[in-house]
Amino acid sequence: MKPGLELRALRGATTASANTGEAIAEAVAELIEELLQRNDLAGDRVLSVTFSVTADLDACFPAAIARRRADWGRVALLDCQQMAVAGDLPRCIRLLAHAWLDARREVVHPYLREAARLRPDRADVAQPSAPASSPADH
């Protein structure tokens, strides 16, 4: 354990505008930046990130986008396919990260773009949030 730091789990999600490498890369990069900024988190404190994507996203691996970050050379990265549930949010990218954070700091879980509907309670107040979609409310 690092002094003053606590191992924490962080969640987040976003959507890609299309099933293209460019659209997925843009969405993943934005999600990572928001996760780091909102949690005042340096890259060397991130231990691992698991990305899951809905079945309609197969143009590229989100972990491959994350590996482009110079400060994430030691971060364990994994991709998997999200469980298929009827009515799930299309083109959705979710993440689960483990990182060392100040023990007193409250964790912020970014839910961006259309994924704000999944967790309106965690969506950016500047973004309008739609009602939660019941099968994918996680």
Side-chain angles (χ1 to χ4, degrees):
M1 176 179 270
K2 298 184 179 201
L5 299 178
E6 181 176 271
L7 184 59
R8 307 291 292 276
L10 302 102
R11 289 278 318 205
T14 190
T15 53
S17 59
N19 183 29
T20 65
E22 296 80 19
I24 294 169
E26 177 184 305
V28 169
E30 178 186 37
L31 181 58
I32 291 170
E33 280 305 314
E34 289 295 323
L35 181 79
L36 297 176
Q37 286 181 6
R38 292 182 187 193
N39 290 286
D40 193 25
L41 187 57
D44 63 347
R45 289 191 181 175
V46 179
L47 298 178
S48 67
V49 180
T50 299
F51 293 96
S52 68
V53 297
T54 49
D56 54 358
L57 290 178
D58 62 4
C60 72
F61 294 106
I65 306 308
R67 278 189 194 95
R68 295 177 185 170
R69 292 187 59 88
D71 58 344
W72 278 30
R74 297 176 61 177
V75 178
L77 299 166
L78 177 68
D79 290 309
C80 61
Q81 190 173 66
Q82 181 69 30
M83 188 175 123
V85 175
D88 195 7
L89 184 64
R91 297 181 315 279
C92 189
I93 303 162
R94 294 171 172 92
L95 67 72
L96 171 63
H98 293 93
W100 293 105
L101 290 176
D102 184 310
R104 299 163 301 197
R105 183 175 187 82
E106 186 166 338
V107 175
V108 180
H109 307 277
Y111 282 76
L112 310 176
R113 301 181 183 194
E114 293 299 313
R117 298 185 334 200
L118 300 175
R119 293 298 306 261
D121 58 318
R122 293 182 174 171
D124 186 354
V125 293
Q127 280 187 336
S129 61
S133 68
S134 56
D137 185 21
H138 58 7

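Values in this document were obtained by computation on a predicted structure and should not be read as measured data.
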Once you round to the nearest 0.5 Å, how far does [atom1] of [X] lie from [atom2] of [Y]?
{"X": "Arg105", "Y": "Glu6", "atom1": "CZ", "atom2": "CD", "answer": "13.0 Å"}
{"X": "Leu112", "Y": "Glu33", "atom1": "CG", "atom2": "CD", "answer": "11.5 Å"}
{"X": "Leu35", "Y": "Arg11", "atom1": "CG", "atom2": "CZ", "answer": "11.5 Å"}
{"X": "Gln82", "Y": "Ile93", "atom1": "CD", "atom2": "CD1", "answer": "11.5 Å"}
{"X": "Trp72", "Y": "Leu77", "atom1": "CH2", "atom2": "CG", "answer": "6.5 Å"}

Main chain of Gly4, side chain of Arg104: is a donor-acceptor contact present, judged purely on distance under 3.5 Å?
no
With distance as the sole test, does Asp56 use its side chain to make a donor-acceptor pair with the main-chain N or O of Arg91 at under 3.5 Å?
yes
Arg94/Asp79 ion pair, N-O < 4.0 Å
no
Does this structure show an ion pair linking Arg38 with Glu106, if we count only N-O contacts that are shorter than 4.0 Å?
no
Residue pair [X] / [Y]: nearest heavy atoms and the distance that separates them:
{"X": "Leu57", "Y": "Asn19", "result": "CA-OD1, 3.4 Å"}
{"X": "Trp100", "Y": "Leu41", "result": "O-CD1, 3.6 Å"}
{"X": "Leu95", "Y": "Val49", "result": "CB-CG1, 4.1 Å"}
{"X": "Glu34", "Y": "Pro110", "result": "CB-CB, 4.2 Å"}
{"X": "Val108", "Y": "Leu10", "result": "O-CD2, 4.2 Å"}
{"X": "Thr14", "Y": "Arg113", "result": "OG1-CD, 3.4 Å"}

Does Gln37 reach the side chain of Asn39, with side-chain heavy atoms less than 4.5 Å apart?
no
Is the shortest side-chain heavy-atom distance between Pro90 and Thr54 below 4.5 Å?
no
Do you reckon Leu96 sits in the same ILVMFWY cluster as Leu78, going by side-chain contacts under 4.5 Å, direct or chained?
no
Under 4.5 Å between side-chain heavy atoms, hopping through other hydrophobics if needed: is there a path connecting Val107 to Leu36?
yes
Derivation of the side chain to side chain contact (heavy atoms under 4.5 Å, CB included) call for Leu101 and Arg45:
CA-CA 7 Å; Leu101 290 176; Arg45 289 191 181 175; 5.7 Å; no
Tell me which one of Arg74, Arg68, Arg67, Arg69 satisfies salt bridge (Lys or Arg N to Asp or Glu O under 4.0 Å) with Asp71.
Arg69
Worked verdict on Cys92 versus Val53 for side chain to side chain contact (heavy atoms under 4.5 Å, CB included):
CA-CA 6 Å; Cys92 189; Val53 297; over 6 Å; no
Would you tell me whether Glu114 and Thr15 have side-chain atoms, one donor and one acceptor, within less than 3.5 Å of each other?
no
